[in-house]
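Counting begins at 1 with the first residue of the sequence. Please read these numbers as outputs of a predicted model, since none were measured by experiment.
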Amino acid sequence: MSETPVATMSFEEAMKALEEVVNQLDQGDVALDRSIELYERGAALKKRCEDELRRAEEKVAAITLDGEGNAAGLRPLGGEGNGDAGPGSGGDDRF
């Protein structure tokens, strides 16, 4: 398993590394100390994936559409919630 620093990994790299960690742990033939190391790395990889997904969701949410549904530009990130009751503003806490 590559020991690339988690903070420098792309989403895809982190997912692949997480799959490798899970596979190693699933095999059950890893020493206890190594299992703990793998678990800790897996937790860091999971967090990296979640952070990258959240960042991507924020970028997608910032895309504004014109009347025909075509991408028309970007609104500033963090600029939501200023009383605008338009589509995509507030109310949906799923993400």
Side-chain angles (χ1 to χ4, degrees):
M1 176 175 67
S2 171
E3 292 298 324
T4 304
V6 173
T8 65
M9 291 181 163
S10 68
F11 174 80
E12 292 80 8
E13 291 168 333
M15 278 297 294
K16 183 177 181 186
L18 182 55
E19 289 173 4
E20 291 172 5
V21 166
V22 170
N23 288 337
Q24 287 184 0
L25 290 170
D26 280 348
Q27 290 176 4
D29 60 354
V30 180
L32 179 60
D33 287 341
R34 181 64 180 148
S35 292
I36 293 168
E37 291 172 8
L38 286 168
Y39 184 86
E40 290 171 345
R41 183 161 175 84
L45 290 163
K46 177 182 174 281
K47 183 178 182 321
R48 176 66 177 179
C49 290
E50 291 170 342
D51 291 346
E52 288 298 301
L53 280 174
R54 187 172 12 267
R55 189 175 60 80
E57 287 170 352
E58 289 171 358
K59 283 185 175 182
V60 169
I63 298 171
T64 58
L65 303 177
D66 64 15
E68 297 176 7
N70 300 314
L74 299 173
R75 70 176 166 269
L77 294 178
E80 299 176 3
N82 296 330
D84 179 12
S89 64
D92 190 352
D93 295 329
R94 289 179 292 172
F95 299 105

Heavy-atom closest pair, residues [X] and [Y]:
X: L45; Y: L18; answer: CD1-N, 3.7 Å
X: L38; Y: Q24; answer: CD2-OE1, 3.1 Å
X: F11; Y: L53; answer: CE1-CG, 3.6 Å
X: R55; Y: E52; answer: NH2-OE1, 2.6 Å
X: V30; Y: S35; answer: O-OG, 3.4 Å

Quiz item: Do E50 and K46 meet the salt-bridge criterion of a basic N to acidic O distance under 4.0 Å?
Solution: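 Result for this pair is yes, salt bridge flagged.
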Quiz item: Any salt bridge between R34 and E37, counting N to O under 4.0 Å?
Solution: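 Salt bridge flag = yes for E37 with R34.
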Quiz item: Would you say the side-chain atoms of R48 pair up with the backbone N or O of M9, donor to acceptor, closer than 3.5 Å?
Solution: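 Yes, the answer is positive, given that a donor and an acceptor are paired below the 3.5 Å cut-off.
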